[in-house]
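The structure appears below as structure tokens.
Below, chains carry the letters A, B, ... as their sequence lines are ordered, and counting in each starts from 1.
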2 protein chains.
Amino acid sequence: MILKMDVIKNIVKERLQLHGIKPSLQRMAVMEYLMTHRTHPTADMIFNDLYPDIPTLSKATVYNTLNLLVERGVVRLITIEEKSARFDACMDPHVHFRCRSCGAILDVNVEAHWIPTMPDGVTVDMSETYCIGHCAKCNNLVNN
Amino acid sequence: MILKMDVIKNIVKERLQLHGIKPSLQRMAVMEYLMTHRTHPTADMIFNDLYPDIPTLSKATVYNTLNLLVERGVVRLITIEEKSARFDACMDPHVHFRCRSCGAILDVNVEAHWIPTMPDGVTVDMSETYCIGHCAKCNNLVNN
DNA sequence: TCCATTTTTAGAATCATTCCAATTCTGTTT
DNA sequence: AAACAGAATTGGAATGATTCTAAAAATGGA
């Protein structure tokens with residue numbers, strides 16, 4: 001019998017190895033966290049949530065790991081919010097929306113990413129679109 | 001005879017007043033700087049360039065002013081780069097490109113801004129698209 | 001087991017930004 | 001012009017996210 005936990009852990013491990021990243025306990029934990037929490041967490045949120053399970057975990061390790069994952073193209077770095085960086089393990093094309101009043105960051109699905117025509121000689125290997133406004137919940141609060 | 005300087009200063013003053021911002025010496029200087037330097041500067045760059053002319057200028061004032069300008073919709077806050085915020089006084093639709101090797105941030109003209117279809121109830125009042133890759137100059141260095 | 005390399009760690013250091021309380025400036029009323 | 005109230009500016013301290021550093025721990029061969 002194969003436990004669900006093992007299945008997830010194997011997917012996580014494979015995804016890391018596919019990108020040449022040695023799957024240490026800490027790296028697995030950060031990657032699994034991002035794959036199972038689609039909340040665009042900050043480094044600090046990840047650290048705080050993982051810390052109870054890995055009491056020796058250091059914030060530096062979380063930062064090291066996130067930087068490595070971003071460098072290798074395994075997760076996306078999101079700068080939709082000035083205060084702190086956000087991370088997203090979903091690499092399918094989608095844009096991010098931030099609500100001005102509650103601060104939530106939501107995924108918005110799109111067919112493909114928009115890459116405008118660039119000046120001659122410029123090459124683009126990544127693009128991000130950020131939309132900012134008011135989410136459905138906050139709009140309702142105002143209208144009722 | 002009207003000096004060119006006066007013309008610019010008048011445009012700057014009008015743009016501030018149009019948005020209900022009292023045109024103090026410091027605010028005029030920051031706004032004029034942004035309108036005449038299309039380099040997407042950081043608060044620090046603005047402070048350093050303005051300081052020689054306004055020796056009493058404080059960094060807090062530069063931050064206060066930039067925050068006010070962004071709040072009132074007079075300039076754009078650009079978060080294409082994690083280290084520090086960038087500012088842009090051009091409100092015409094355009095997207096930003098950042099070169100991975102030299103760090104330059106360039107404007108790319110577009111007809112209109114892309115705003116993907118949002119989930120029901122979500123309203124968008126601003127959107128930004130960031131493209132990242134290699135600029136023409138850096139691509140040439142590699143290919144020659 | 002021993003050794004070399006990689007990874008993790010805690011805490012210090014850095015750096016952008018905000019906060020704070022005091023001062024200066026502005027415009028208005030006597 | 002003096003007195004005043006409110007707004008803007010100021011320097012420096014405080015904050016908070018991130019990076020750096022040097023030591024300790026883990027890993028994986030020979």
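Contact check, A:S24 against C:dT8: a side-chain N or O comes under 4.0 Å of OP1 or OP2. Residue B:T42 places none of its side-chain N or O atoms closer than 4.0 Å to OP1 or OP2 of C:dA16.
Comparing D:dT18, C:dT7, C:dT18 against the side chain of A:K83 picks out C:dT18 as the nearest. Closest to the side chain of B:A43, out of C:dT8, D:dA8, C:dT17, is C:dT17.
A:E81 places its CD atom 13 Å from the C1' atom of C:dT17, with the value rounded to the nearest Å. Taking atom CZ of A:F87 as the reference point, atom P of D:dA17 lies 13 Å away to the nearest angstrom. We find that CD of A:Q26 is positioned 12 Å from C1' of C:dT6, with the value rounded to whole Å. Put simply, CZ on B:R27 is 6 Å from C1' on D:dA8, counting in whole angstrom units. One can place CZ of B:F47 at 16 Å from C1' of C:dT18, the figure rounded to the nearest angstrom. When the C1' atom of C:dA16 is taken as reference, atom CZ of B:R86 falls 13 Å away, rounded to whole Å. The distance between atom CE of B:M45 and atom C1' of C:dC15, rounded to the nearest whole Å, is 14 Å.
Taking 4.0 Å as the cut-off between side-chain N and carboxylate O, B:E82 and B:R98 count as a salt-bridged pair.
A distance of 6.0 Å or more separates the ring centres of A:F47 and A:Y63.
Mapped onto DNA chain C by nearest heavy atom, B:D44 and B:K22 fall at different nucleotides, with B:D44 at the one closer to the 5' end.
Taking both residues in full, the closest heavy atoms of A:G121 and B:N139 are given as O-ND2, 2.6 Å, listed atom of the first, atom of the second, then distance.
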Under the criterion side chain to side chain donor-acceptor pair (under 3.5 Å), I'd like the reasoning laid out for A:D44 against A:S84: C-alpha separation, chi angles, the key distance, then a yes or no. CA-CA 9 Å; A:D44 203 60; A:S84 45; over 6 Å; no

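Side-chain contact between A:R76 and A:H96: present, with at least one pair of heavy atoms (C-beta onward) separated by less than 4.5 Å.
For DNA chain D, the residues of residues 51-75 of chain A within the heavy-atom distance limit of 4.0 Å (strictly under) are A:A60, A:Y63, A:N67, sorted by number.
Ring planes of A:Y33 and A:H37: parallel class, angle under 30° (limits at 30 and 60°).
A:Y130 places no side-chain N or O within 3.5 Å of a backbone atom of B:T129 that could act as its donor or acceptor partner.
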